[in-house]
There are 2 protein chains.
Amino acid sequence: MRSPEALLALETARRRPIALPAGTAVYRQGEPVQDALNLISGWVMLAQTLPDGRRQILRFLLPGALFGLMPTGQATHSHSAEALTPALVCPLPLEALHRLRHAWPGFDDRILWTIERDAALIAERLTTVGQRDALARVAHLLLELVARAQRRFPPEPGRAVPVPLTNRLIGDATGLTPEHVSRMLRTLREQGIVTLLHRRVVVQDAARLVALADPPKGLLGLWSDPAP
Amino acid sequence: MRSPEALLALETARRRPIALPAGTAVYRQGEPVQDALNLISGWVMLAQTLPDGRRQILRFLLPGALFGLMPTGQATHSHSAEALTPALVCPLPLEALHRLRHAWPGFDDRILWTIERDAALIAERLTTVGQRDALARVAHLLLELVARAQRRFPPEPGRAVPVPLTNRLIGDATGLTPEHVSRMLRTLREQGIVTLLHRRVVVQDAARLVALADPPKGLLGLWSDPAP
DNA sequence: CGATTCTTTGAGTTAGGTCAACGGGGGTGG
DNA sequence: CCACCCCCGTTGACCTAACTCAAAGAATCG
């Protein structure tokens with residue numbers, strides 16, 4: 001937990017929050033790294049784009065996420081960040097971040113925790129995309145996002161959880177085409193497992209969804225737990 | 001750069017190095033997190049295994065790598081680590097790591113740099129596996145490993161670079177079957193681009209290999225540059 | 001209310017997987 | 001030093017999951 005003094009120092013160092021309409025870029029791949037960013041509200045996605053236009057969504061960010069950091073010495077962003085909903089983002093100059101890290105150990109620990117957690121989330125997506133079939137990939141993504149959005153695992157059945165997903169976004173995150181995503185969503189719907197309609201996910205059968213997505217035991221905490 | 005005092009403190013805190021024969025596990029998925037580990041010599045792979053036996057190789061580690069860290073509060077390993085060659089590994093108790101981080105800012109910065117770099121490498125693999133075809137995936141992996149092993153980009157043509165890869169390992173890293181990896185390697189060989197024979201890679205046509213793998217500009221430093 | 005983007009579905013195609021068989025290399029134990 | 005064995009690599013034939021292309025309907029947003 002950060003001390004009141006640390007929080008005050010953070011308040012002093014950060015810039016004014018920026019309101020971003022849905023669909024706007026926070027930063028683009030190849031742009032110079034400027035500030036670290038704190039997501040206050042809304043959803044943001046991080047994606048890597050190939051020269052031919054295909055893109056891989058690396059992560060979906062929920063409020064509270066810290067992003068925009070690159071390894072020291074890395075001058076440009078390796079990926080782009082784009083708001084999926086209207087979003088509020090608060091920049092923090094890298095130099096101030098560095099100062100805060102060294103001044104407040106609790107703050108430093110939290111940064112490290114965040115980066116490690118993000119790496120673990122990407123690793124799990126890699127495993128899913130590399131090894132699982134289309135149905136499991138879609139199921140896994142829906143389960144992850146519902147669990148993270150609700151901060152709860154397993155997800156509560158019947159509740160409509162707002163998620164700003166389109167079939168194209170699901171495809172870009174899972175390595176599938178939007179058409180095939182549509183077919184997989186139909187299967188999940190017809191089997192009474194989970195439904196995605198009008199940007200809302202309803203989990204009908206949490207047990208079967210978990211069985212399909214089959215998230216590795218022991219990592220579930222990363223979806224639902226806050227920072228220590 | 002870390003100060004002499006910091007290096008001394010590190011020397012004092014670490015345990016005695018452990019020699020691992022090729023094929024042995026450093027730790028297994030699901031085991032409790034114990035020490036952080038420093039790879040002194042040899043190659044190690046990090047992999048996530050699914051219940052049905054399929055596995056995704058997340059990263060290949062080269063000497064100097066720091067691994068075995070998990071987000072604070074995460075009790076068990078989300079992946080396994082296995083030596084691909086005879087390897088020398090030096091454990092560092094987590095508690096000592098924590099102390100060193102807070103006592104020596106340069107040390108702390110280097111840890112953060114390492115984790116961020118590792119996350120960037122995994123993200124790039126995710127993009128490759130999710131979006132590129134089989135030939136490009138294999139080309140990308142060979143290029144990455146040759147560049148990292150030689151600390152040099154683009155790779156020097158004609159030089160035989162030792163890599164402990166089997167077709168199965170390439171398949172597990174790229175999401176392909178060993179049979180299809182064999183077909184892709186044949187294509188790369190027949191086209192005079194790159195050859196893998198007897199655990200040695202020879203890059204024949206660096207320009208075409210780079211064009212095929214098409215690594216995002218600006219990330220190349222992560223393959224060939226040392227820590228700042 | 002028009003335009004645009006998103007979703008859905010169908011039909012045909014293909015990249016990569018599966019299965020099977022064989023050959024080679026390297027390590028091990030006699 | 002040799003023989004065996006096991007794993008690895010290679011190739012071919014066939015199969016199927018996912019892609020492509022096309023077209024029509026449904027949401028969403030000025």
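Here the structure is a predicted model, which means the values were calculated and not measured. Within every chain, numbering begins at 1; the chains are lettered A, B, ... in the order of the sequence lines, protein sequences first and strands thereafter.
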Quick one: which of [options] gets closest to the side chain of [X]?
X: B/Glu179; options: C/dT9, C/dA20, C/dG16; result: C/dA20
X: A/Arg199; options: C/dG17, D/dT11, C/dC6; result: C/dC6
X: B/Thr177; options: D/dG12, C/dT8, C/dT18; result: C/dT18

Q: State which residue, out of A/Gln204, A/Glu190, A/Arg189, fulfils the side-chain hydrogen bond (donor to acceptor under 3.5 Å, both in side chains) condition with A/Thr195.
A: A/Gln204
(Q) Ring-plane angle category for B/His77 and B/Tyr27, please: parallel below 30°, perpendicular beyond 60°, tilted otherwise. (A)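 It falls in the parallel class, under 30°.
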Length of the line joining [X]:[atom1] and [N]:[atom2], which is rounded to integer Å:
X: A/Arg200; N: D/dT28; atom1: CZ; atom2: P; value: 10 Å
X: B/Leu169; N: D/dC8; atom1: CG; atom2: C1'; value: 11 Å
X: A/Gln131; N: D/dA18; atom1: CD; atom2: P; value: 13 Å
X: A/Glu190; N: C/dT8; atom1: CD; atom2: P; value: 11 Å
X: B/His180; N: D/dA18; atom1: NE2; atom2: C1'; value: 14 Å
X: A/Arg186; N: C/dT7; atom1: CZ; atom2: C1'; value: 12 Å
X: A/Leu188; N: C/dT8; atom1: CG; atom2: P; value: 12 Å
X: B/His198; N: C/dG27; atom1: NE2; atom2: C1'; value: 15 Å

Within less than 4.0 Å of OP1 or OP2 of [N], is there a side-chain N or O belonging to [X]?
X: B/Arg189; N: D/dT10; answer: yes
X: B/Arg168; N: D/dC7; answer: no
X: A/Asn167; N: C/dC6; answer: no

Q: Carefully, step by step, assess B/Arg183 and B/His180 under the rule side-chain hydrogen bond (donor to acceptor under 3.5 Å, both in side chains).
A: CA-CA 5 Å; B/Arg183 291 185 263 263; B/His180 204 59; 3.3 Å; yes
**Q.** Nearest atoms (heavy-atom pairs only) where A/Asp35 meets A/Pro91
**A.**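 Closest approach of A/Asp35 to A/Pro91: OD2-CB, 3.6 Å.
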How is [X] classified with respect to the nucleic acid when contacts are heavy atoms under 4.0 Å: base, sugar-phosphate, or nothing?
X: B/Leu185; value: nothing
X: B/Gly175; value: sugar-phosphate
X: A/Thr166; value: sugar-phosphate
X: A/Arg137; value: nothing

Q) D/dT20 base to A/Arg183 side chain: any donor-acceptor pair below 3.5 Å? A)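 Yes, a donor-acceptor pair under 3.5 Å.
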Q: Find out whether B/Leu39 and B/Val26 are in side-chain contact, i.e. whether some heavy atom of one side chain is under 4.5 Å from a heavy atom of the other.
A: no
